Amino acid sequence: MNSEPSTDDAKFRYGAALAEQIELKWQQIWSDQGTHQTPNPTGKLAADDTLDPARKLFVMDMFPYPSGSGLHVGHPLGYIASDVYSRYMRMKGKVVLHPFGFDAFGLPAEQYAIETGQHPAITTEQNIANMRRQLGRLGLNHDPRRAISTADPKFYRWTQWIFLQLFNSWCDPATGQARPVSDLIAEFEQGSREPKSETNPENRPWSELDDVTKRRVIDSYRLAFQSEAPVNWCPGLGTVLANEEVTTDGRSQVGNYPVYRRRMKQWMLRITAFADRLLSDLDSLDWTESLKTMQRNWIGRSVGADIRFQADAGSGIQVFTTRPDTLFGATFLVLAPEHPLVKELTADEWPQETPDEWKGTAQFGAETAASPRSAVTAYVEQTARVSDRQRQAETSKTAVFLGSYAVNPVSGEKMPILISDYVLVGYGTGAIMAVPAHDQRDYELATEINLPLVPVVRPDEQWLSEHEGAVADRPATWGEAFHADGTLVNSHGTGISLDGLGTDEAKDRVASWLEESGLGARRITYKLRDWLFSRQRYWGEPFPIVYDETGLPIALPESQLPVELPPMTDFRPQAVGEDEDPKAPLSRAPGFEHVELDLGDGLREYRRETNTMPQWAGSCWYYLRYLDPDNDQCFVDPDVEKFWMAGTGEDGRIGGVDLYIGGVEHAVLHLLYSRFWHKVLFDLGHVSTPEPFQRLYNQGYILADAFTNSNGRYVPALEVEETPDGPTYQGEPVKRHYGKMGKSLKNSISPDEIYQSYGADTLRMYEMVMGPLDVDRPWQPDDIVGVYRFLQRLWRNVVNEDTGALRAEAPTLAADDALYKLTHRTISEVTGYFDDMRFNVAIARMIELNNALTQFVQRENAFPREAVEALVLMTFPLASHVSSELWERLGHQDRIDDVAFPAADPDALQEDSITIPVTLNNKPRGTITIAKDADQEGAMAAAQQLENVAGLMEGQDVVRVVFVPGKILNIVTKPQK
RNA sequence: GCGGGCGUGGCGAAAUGGCAUACGCGGCAGGUUUAGGUCCUGUUGGUGGAGACACCGUGCGGGUUCAAAUCCCGCCGCCCGCACCA
């Protein structure tokens, strides 16, 4: 394959060398003249003149982490798109903010540093420099003054500040909004609110509590709080991870290491308190439906009821169910193996006549199954070995009976209590009432180990007929649970009867009954869990938190921010034993953990928090820092924030970033976390919109061939050779795959190669012409010449390739000239396509115009200025350097950056006559050219002139004529009798 | 299993009810050139025909309509997300 274009024989042909010369020249000019600096309404970056808020447009990319392997051609796809769009919008008169930065803290950067044995501060800096160079070569129009890095203390000072906002806030359940903790304390002191009982077991009034208890109570309300809970522990990374960072098969997203469940005390953020708003506010956003669906699924709202069951021991077992209507059919209870009541409810001996299936005999052997305690212990240990996600693999259900019973409050029946790993401790209450006749999972367990089934919803006849051998009142014959709605049966007891009711009515009746009798209440639960926010890693934001002798956390005052990350030479995470708590690297930093501080009551000793914040902390709010990057008084000036974020009111927009472009992989990570932080900042009055990102656009991925060897490992795609027997690597046959370009598939292609062969403008244009922006597309290097030739021809139409001089200029085009009309029609269409970010079709139209222009120039040996300038201006957002160069060569003193996008001449779009197809019985038979306002008779008359049509109509009766002005003439005929 | 999306030439793709395949790549033929490349011109869905043309053709089957790639119903295939969530 010869991908190298030949060296140009014409000295001034637009080739790779000339393109590079032009590109570097204009990048220098842009940098020298500050072309891409966007003014602010006020502050350090303020403009000389006032800015019109109605014209503002905030266009942003998801910023990258500074990868060590540099950029591949898949990375800049979104960056180019946002660049093209922002340049276009600027030409359309918008004041466009288009910034760029680096997500420099976090696991990927730290893992890279460990691999290379260098300090992350150094590798991060190097990687940022390298990525800046590669991106700079693309000529992106980012405002250089607003470049940010989340690992910069001037940046993370404010990340820490926002953390303190969370720490110093609580969520008022009455309004669902964040409020300052000081309000909470005031309410306690006034007696208008009673402390929750969990932290105040004796329910003593606030004024009688000692200081430490008061602090405990308050801490339990905070949006940032510490909690001892089962977490995702990843020994391979030496840290805990958020649920969102664990893959479906129970491994870490970064590094693909196994993840285990383990109880640890960690920092959590109370995102669950905002679940409802995170869900309902999705409706107001201009995001794709599939992305909204992903967030909705992740939040996972379900409506039901809590029910408390009285058990042999303890104060009762609380369960959550979405089907309270089936309460009479609840024949046993199942707890998660980790449920706190398991120990208490485990009996010393098996009750008489306990079936062997309930004892786990088959699983653990007769010896272990000899007592409830040993069987339960064995079962709990077994489930602890695998992660939540792995537990969900499709295997037959297992369970162990605790040896104790509860009572069904409506039927009065005895219900055995079991533990099973299909009940998850983190969802609902960690316990369920099993209704085996009407829940598939319960059905499977009940039939597996022989538990009683009671039908309480009568299956309909159709369902019964579809299930062979199914008898309505014998669920064991059904083969599966009947979980649809229906009519209640077998559901009457003392004080309540549901027989004959429909599902919805019955749900309502039971819920009311539960509330009246004090046995339960209506409740809504979410799959979303609180966000585990601490990591036992080095390369992240330190917490602005210290501990005093009580061990309770204390927020550092704002004046002591930032808490800088101390320099360390050995910053690796430490391996620890199974029962040992991991030690965060910062605890080894000399002089960091134990400090003497004056927090207002004199110098005292404190212990610093040594965990760091996760990857996502900086990206939760970075878009706000772009607005006011140098402000050292606050995280963003309120007036500046309002200017860029406020909704324009257009199309009911509520405000936020006007266009946010990025990959779909952040659907439930960054995008959910960020929305959460933004809502807290909104509630506290720090930002003016309830949502951060009004419009979100997911660009597709660039795909490329990838190859695996016989071990299933990926081999470098660039070194694979194509042979008649298939692809080979180092002589060995390899298997071809196809996937997202990137490091993991070893199929990256560097943009540097494309710059060398064609230049950056060609690369920009190629990435935009490949296909629709939101669709995955294969990297096809052979196709690049298409847009390269386009730019070459455009250049040649203006510049004499041999001399470098401007070609002769043709006289002004007449208004009825075909090229004039095509020019304006193209402007009109391209404008629409740019507005919709359909750059591939816009480019196709430009190529058509350029082809027509080329013929004109060849014929006349001169170029028509209108057509050329329109093309140069339309090309500018895409191929900015060569367009700038041509604009200058065309004799313009003004910068093309400041020129308005061309407007179509409305007269040129008006055609006096139009050509439409004629179909006879729906078969195309030719075209007619008729007056624009011709009527059906006129069209028919013209059609009769067509030899074809006239001939075929001979001997036919016209049954119907469909004339759609401007579209078609269809004549329906049938043979004459 | 549930939810969402997609299926059009040799390839990337246009057309969102009105001439299917715009534009680009690749192919074929010709011109320029010592030659190759570059560049330029023509041509390029399939079948038949010398040709004008004719018939067929948007995953498969049905439907609505004067008219369907497009709308509706049912299959098939691929991709993405979720997945024991009580």
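Within every chain, numbering begins at 1; the chains are lettered A, B, ... in the order of the sequence lines, protein sequences first and strands thereafter. Owing to the predicted nature of the structure, the values given are computational and were not obtained by experimental measurement. What you see below is based on every heavy atom in this structure, not just the backbone, and it leaves out hydrogens, waters and symmetry mates.
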**Request:** Please give the nucleotide sitting opposite rU16(B) as a Watson-Crick or G-U wobble pair, both distances under 3.5 Å, or none.
**Result:**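 Check on rU16(B): unpaired, no WC or wobble geometry under 3.5 Å.
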**Asked** Considering every strand shown, what is the Watson-Crick or G-U wobble mate of rG1(B) when both distances are under 3.5 Å?
**Response**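 Checking every strand shown, rG1(B) finds its partner in rC82(B), with both distances under 3.5 Å.
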**Request:** Classify the ring geometry between Phe482(A) and Trp463(A) as parallel (under 30°), tilted (30 to 60°) or perpendicular (over 60°).
**Result:** perpendicular
**Prompt:** Which of parallel (below 30°), tilted (30 to 60°) and perpendicular (above 60°) describes Phe320(A) and Tyr427(A)?
**Reply:**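 Phe320(A) vs Tyr427(A) ring planes: perpendicular.
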**Polar pair under 3.5 Å, donor/acceptor by atom type, side chain Asn970(A), base rC66(B)** =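 Yes.
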**Prompt:** Considering only heavy atoms and no angle criterion, is a donor-acceptor pair shorter than 3.5 Å present between the side chain of Arg777(A) and the base of rA13(B)?
**Reply:**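 Looking at the base of rA13(B), it does not pair with any donor or acceptor on the side chain of Arg777(A) (distance under 3.5 Å).
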Distance in angstrom units between [X] [atom1] and [N] [atom2], rounded:
| X | N | atom1 | atom2 | answer |
| --- | --- | --- | --- | --- |
| Gln858(A) | rG31(B) | CD | C1' | 13 Å |
| Gln956(A) | rC66(B) | CD | C1' | 15 Å |
| Leu333(A) | rA86(B) | CG | P | 17 Å |
| Leu703(A) | rC6(B) | CG | P | 17 Å |
| Met770(A) | rA13(B) | CE | C1' | 11 Å |

Kindly say if [X] contacts the phosphate of [N], meaning a side-chain N or O under 4.0 Å from OP1 or OP2.
| X | N | answer |
| --- | --- | --- |
| Arg825(A) | rA22(B) | no |
| Ser302(A) | rA86(B) | yes |
| Arg845(A) | rC23(B) | no |
| Arg789(A) | rG26(B) | yes |
| Asn922(A) | rA68(B) | no |

**Message:** I'd like the P distance from rC6(B) over to rC71(B), given in whole Å.
**Reply:**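 Looking at atom P only, rC71(B) and rC6(B) are 9 Å apart.
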